[in-house]
Number of protein chains: 2
Amino acid sequence: MADRPRGDSNKPITILHVARAAGVSKTTVSRYLSGQYHLLSEETRQKIESAIAALDYRPNQMARGLKRGRSGLVGMVVADIANPFTVDVLRGVEDECKRCSMNVLLCNTGNDPEQEREYIFMLQAHRIDGLIINTTGQNNAFLKALAHDRTPIVLMDRKVPALPFDTVCVDNRQATRAGLMHLLEQGYRRIAWFTEPVDGISSRAERVGTYRRVMEQHTKGGTDDVFVVNVRVPGEVETALATFLSKAAGEAPAVCCANAVVALRVVEGLNTLGVRVPEDVGLVSFDNPDWAGLVCGGITAIEQPTYALGVTAMRRVWARMQAPQEMPPELIELPARLVARGSTVRAAIRPESG
Amino acid sequence: MADRPRGDSNKPITILHVARAAGVSKTTVSRYLSGQYHLLSEETRQKIESAIAALDYRPNQMARGLKRGRSGLVGMVVADIANPFTVDVLRGVEDECKRCSMNVLLCNTGNDPEQEREYIFMLQAHRIDGLIINTTGQNNAFLKALAHDRTPIVLMDRKVPALPFDTVCVDNRQATRAGLMHLLEQGYRRIAWFTEPVDGISSRAERVGTYRRVMEQHTKGGTDDVFVVNVRVPGEVETALATFLSKAAGEAPAVCCANAVVALRVVEGLNTLGVRVPEDVGLVSFDNPDWAGLVCGGITAIEQPTYALGVTAMRRVWARMQAPQEMPPELIELPARLVARGSTVRAAIRPESG
DNA sequence: TTGTACGCGTTATCAG
DNA sequence: CTGATAACGCGTACAA
């Protein structure tokens, strides 16, 4: 790897310089760059190869993209990059992008529709070849316009019925049911659902909905212990927990958290209140963050196939890029996996309490 | 926001369509797009504005970039996106990018020099206007070549003396010293340093180095309890912990972790071994992950100014983009903040043990 | 197997 | 204030 093989002229190296250096035309070099080796003599190929190496030439993607009508860029618009769920999906997307020689343009909206709109605007300007989006659901017209340009769009984690796009997410009904059934099997009877405001976000809605349905089937009173909390307001989670626990005292209570962000606050709250897990209350959470094993004797987790979600979403984008013919939009729901840990081991505490 | 204001022709809208619709030349439209309003009559401005809105026109960044010689893209090459430290820095970079109307091209190398090289190659092809990199340090020639194209490069978190680039990182000496002095003040006497392999990574090296220096000054024996662990090998951390704790029994031991990834495993290991914090051992960690407050009575943390690192790095890139004249490369070290929590409260346990 | 010539969509230069 | 025209770097008919 020579340090600075090119001359000291500060002019960027173009395909023309390579052509001259190799003693061929730029067309020939272009063919080499596109991998059309069958159109080149071995000798020519060699000459071009060394010329490129000697000049340290990099094809200009902007020029390339302008001409070919493809940027090589995929937009990834996420609601909250601080959420480990998002990061894991992103890893999947990125790894899959490598295989297609694509790059990821990352946009974090913070769940703000206006931010989202601005980002979509910029991504359109960059002529992204595909978009994977965790949308607020407030910019459907923008998204439809993008799709009209034949840009493949995949909704991730959040469904929007109004949009005719591929959607990749976890099977929220199966996942939620798995967590709740586990709690019931462990002997917990009064189960609360802690969630952030639903706000039309499909994953949150589906989870609460399933919670209600399962609880209706499996408990007598049909109690509806849904607690909607704003995790950024200090004390809100504690208040909710206290309310629930006083109502549910003696009824074998458990808490189910709709995601890891909520779970973090719930564990904090339980610590603050001096409530023990699983002795005083059972605990299950969606997502399986790296710290889940460290607290409450290990939190029983409903683990989403995050990485696979990312890979799948990107594959979908890629597939549509290759095959522009009309494929009907597809809903892909991946199964979750229950990771049982100490936070739901009610049996183990029976001897002490009974 | 009309749904599809353009005609049904699938041709992309260009500046020419806008020009025609507004009854002006494309030059004039281009002026509007660049915000050179002082060169436009109010009437013309209005006409262009409505034409753009009516046609739902998006300027093509590839064409724009090709002509102007700037892509509007910043490369962000990170060693490990799964590390919350990285994510927080990224957030800072991205937020700062918004202010400059730039976008982030994200590349996760997994600490693999070859991956890094491939990514740098792709970024060069996209003609990124700047690069923020958490480098393995194995691709210096590539980076120098990029810099020769006058692309601003900022090293983040990891210094490379061989490279004449701006560098933004935490003040590792101050930070490490703060953590250790806190432990000493709390009465801990035998302090171990748990780190991932140094591997020429400056931040890791500076931290261990400072550890050695501080320990030399403040302890008699000059014991050198550095434990290098591979966090991906199960049991390695446990073994190291057991070794240390048996050697240090009765000497008021404490463990200091070089980052949150190590801390996670250390907490796991201590749980496995049945060692209590802070009763049996004190604990301090670099980084302040969201779960730090949940375990060991709260882990005392050496909090890095992650978000600020990202903002600062991007500002630096932007500054160099505006002012191409030679500025000498600068080293910017931001201070860390010690967040004292329960994991180092040795005083509180005195009454019980003494 | 190789080269010529044109256009992708935009901005810069220059002339009005 | 406005417009014609030439690039920017590359891919691709088409011709040789």
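We name chains A, B, ... by the order of the sequence lines, and we start the count at 1 in each one. The figures that follow rest on heavy atoms only: side chains count, while hydrogens, waters and symmetry mates do not.
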How many whole angstroms separate atom [atom1] of [X] from atom [atom2] of [N]?
| X | N | atom1 | atom2 | result |
| --- | --- | --- | --- | --- |
| Leu39(B) | dA12(C) | CG | P | 12 Å |
| Asp149(B) | dG9(D) | CG | P | 12 Å |
| Arg64(A) | dG9(C) | CZ | P | 18 Å |
| Tyr57(B) | dG9(C) | OH | P | 10 Å |
| Leu33(A) | dG9(D) | CG | P | 15 Å |
| Leu16(B) | dT10(C) | CG | C1' | 11 Å |
| Ile15(A) | dT2(C) | CD1 | C1' | 14 Å |
| Arg20(B) | dG3(D) | CZ | P | 14 Å |

5′-ward residue of the pair Gly23(B)/Leu66(B) relative to DNA chain D: Gly23(B)
Minimal non-hydrogen separation, Asn60(A) against Met62(A), with atom names: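 Result for this residue pair: OD1-N, 2.7 Å.
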Residue [X], side-chain atoms from C-beta onward, closest of [options]:
| X | options | result |
| --- | --- | --- |
| Ser34(B) | dG3(D), dT11(C), dT2(C) | dT11(C) |
| Lys67(A) | dG3(C), dG7(C), dT2(D) | dG7(C) |
| Asn60(A) | dA4(D), dT11(C), dC10(D) | dC10(D) |

Parallel, tilted or perpendicular: ring planes of Phe121(B) versus Phe142(B), cut at 30 and 60 degrees: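 Tilted: the ring planes of Phe121(B) and Phe142(B) meet at 30° to 60°.
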Looking only at side-chain N and O atoms, does [X] come under 4.0 Å of OP1 or OP2 in [N]?
| X | N | answer |
| --- | --- | --- |
| Tyr32(A) | dT2(C) | no |
| Ser41(B) | dT2(D) | yes |
| Thr27(B) | dG3(D) | no |
| Arg31(B) | dC1(D) | no |
| Arg68(A) | dG11(D) | no |
| Thr28(B) | dG3(D) | yes |
| Thr14(B) | dG9(C) | no |

Trace of the side-chain contact (heavy atoms from CB on, under 4.5 Å) decision for Glu118(A) with Lys98(B): CA-CA 10 Å; Glu118(A) 283 174 22; Lys98(B) 277 177 203 160; over 6 Å; no
Spatial distance of atom OG1 (Thr306(A)) from atom CG (Asp88(A)) [nearest 0.5 Å]: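 Rounded to the nearest 0.5 Å, the OG1-CG separation comes to 4.0 Å.
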Working for side-chain contact (heavy atoms from CB on, under 4.5 Å), residues Val317(B) and Met102(B): CA-CA 11 Å; Val317(B) 166; Met102(B) 305 272 291; 5.6 Å; no
Sugar-phosphate, base or nothing in reach of Val24(B), heavy atoms under 4.0 Å: sugar-phosphate
Heavy-atom donor-acceptor pair, Thr44(A) side-chain to dT1(C) base, under 3.5 Å: no
Within 6.0 Å of CD in Glu42(A), more than 12 heavy atoms from elsewhere: yes
